Amino acid sequence: MIDILLIHGAWHGGWCWARVAAALRAQGWRVACPDLPGAPGTTLARATRALPPARIVLGHSMGGIPAEALAARHPPAALIHLCSYLPRPGDSLATLERLRPAPPRRWPRDADGRLILPPGAARAMMLHDAPPATARHALRRLRPQPQGVMRDPCPGPAAAVPRHYVLCEGDRAIAPALQQAMAARVPGVTLHPRPWDHAPFLTQPRALADLIDAIARDHAAPLATGRRMR
């Protein structure tokens, strides 16, 4: 079984985890960071079926919803939410947004109804702390986002596993107050506040990898890989 599964958020792909995954592999973990399906009409159920079970499951942003859906089918040793939506059974992204109402964001759509994130909005909302070259690379990789994963309710029952929430205090995409409100609704969540933006896998990859490593070691020992363990 995979040790650590990294699930990306809306508009992204597995590419965004490259530096974090490399650091975790160097620490002895087997890591997977697949692309969620991006085809028009993709549902939450289809996105979840595309994910492999893992001992530690991490979801970023919208990826917190398929992370919880996967955990309901294949409970991991622990779940990590990285400035993500944290649903209870029956919640969707839209219902979670209503916990701390904010002015609505209306993104353009492509011919297939998928949401398009304009580069200027992406830079201001998610990449404001990224160096220019890093931001340019990320902006070139963003892709249209099917709405099903955002719209569909999360299935239940919720897995009875330890949950960790990395609350990013510099986040401009998911307000820290909303992150706090979502975490407060789920009993037993361990909070890890950090002064990070919405994309610490690009702006703080080493620190993020170290945090994931520390949480994972509390719940699952890394498999032997021939590398020296810290």
Side-chain angles (χ1 to χ4, degrees), residues 4-10 12 20 36 44 47-48 51 54-105 125-126 128-129 147 149-201 203-204 207-220:
I4 300 174
L5 174 66
L6 304 174
I7 306 174
H8 65 81
H12 287 68
V20 174
L36 290 171
L44 174 58
T48 304
L51 297 170
R55 300 160 75 202
I56 306 294
V57 174
L58 181 150
H60 168 252
S61 193
M62 182 206 70
I65 297 175
E68 288 287 337
L70 177 64
R73 297 174 57 200
H74 303 286
L79 276 162
I80 304 173
H81 285 269
L82 174 61
C83 54
S84 78
Y85 291 95
L86 173 50
R88 298 190 302 194
D91 284 334
S92 67
L93 187 150
T95 64
L96 291 169
E97 288 278 3
R98 291 198 286 270
L99 293 175
R100 290 291 185 274
R105 296 166 175 162
M125 189 171 69
M126 298 191 293
H128 49 91
D129 283 346
Q147 298 187 60
V149 182
M150 300 177 168
R151 179 193 61 235
D152 297 344
C154 188
V161 300
R163 285 172 172 80
H164 296 260
Y165 197 101
V166 184
L167 197 160
C168 293
E169 298 167 325
D171 198 330
R172 298 179 185 174
I174 302 178
L178 177 55
Q179 296 179 46
Q180 180 79 49
M182 289 187 288
R185 298 167 72 232
V186 180
V189 172
T190 301
L191 279 178
H192 303 268
R194 293 293 186 275
W196 297 341
D197 64 6
H198 192 65
F201 42 81
T203 57
Q204 299 287 339
L208 175 57
D210 286 345
L211 177 59
I212 296 169
D213 174 69
I215 294 171
R217 286 175 187 272
D218 282 342
H219 299 286

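Note that the coordinates shown come from a computational prediction; the quantities given were computed from them, not determined experimentally.
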How close do [X] and [Y] get, heavy atom to heavy atom, and via which atoms?
X	Y	answer
Leu86	Arg185	O-NH1, 4.2 Å
Ala158	Arg163	CB-NH2, 4.0 Å
Ala77	Pro162	O-CD, 3.2 Å
Ala71	Leu79	CB-CD1, 3.7 Å
Ala220	Arg55	CB-NH2, 3.5 Å
Pro157	Ala72	O-CB, 3.4 Å

How long is the straight-line distance from [atom2] of [Y] back to [atom1] of [X], given to the nearest 0.5 Å?
X	Y	atom1	atom2	answer
Leu6	Leu51	CG	CG	11.0 Å
Asp91	Ile65	CG	CD1	8.5 Å
Cys83	Leu178	SG	CG	11.0 Å
Tyr85	Glu68	OH	CD	15.0 Å
Ile56	Ile80	CD1	CD1	6.0 Å
His60	Leu208	NE2	CG	9.0 Å

From CA spacing to verdict: side-chain contact (heavy atoms from CB on, under 4.5 Å), Leu211, Arg194: CA-CA 10 Å; Leu211 177 59; Arg194 293 293 186 275; 3.4 Å; yes

Side-chain touch Pro200/Asp129, heavy atoms, less than 4.5 angstrom: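 Pro200 does not reach Asp129 side chain to side chain.
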
Side-chain touch Leu58/Ile215, heavy atoms, less than 4.5 angstrom: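 Leu58 does not reach Ile215 side chain to side chain.
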
Side-chain donor-acceptor pair present, Tyr165, Gln180, cut-off under 3.5 Å: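 No - no donor-acceptor pair under 3.5 Å links their side chains.
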
Donor-acceptor side-chain pairing of Thr203 and Asp197 below 3.5 angstrom: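 There is such a pair between these side chains.
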
Candidate list Gln179, Glu97, Met126, Met62, test side chain to side chain contact (heavy atoms under 4.5 Å, CB included), partner Ile174, passing option: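 Exactly one option meets the side chain to side chain contact (heavy atoms under 4.5 Å, CB included) with Ile174, and it is Gln179.
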
Criterion side-chain contact (heavy atoms from CB on, under 4.5 Å) on Met125 and Arg105, from CA distance to verdict: CA-CA 11 Å; Met125 189 171 69; Arg105 296 166 175 162; 3.6 Å; yes

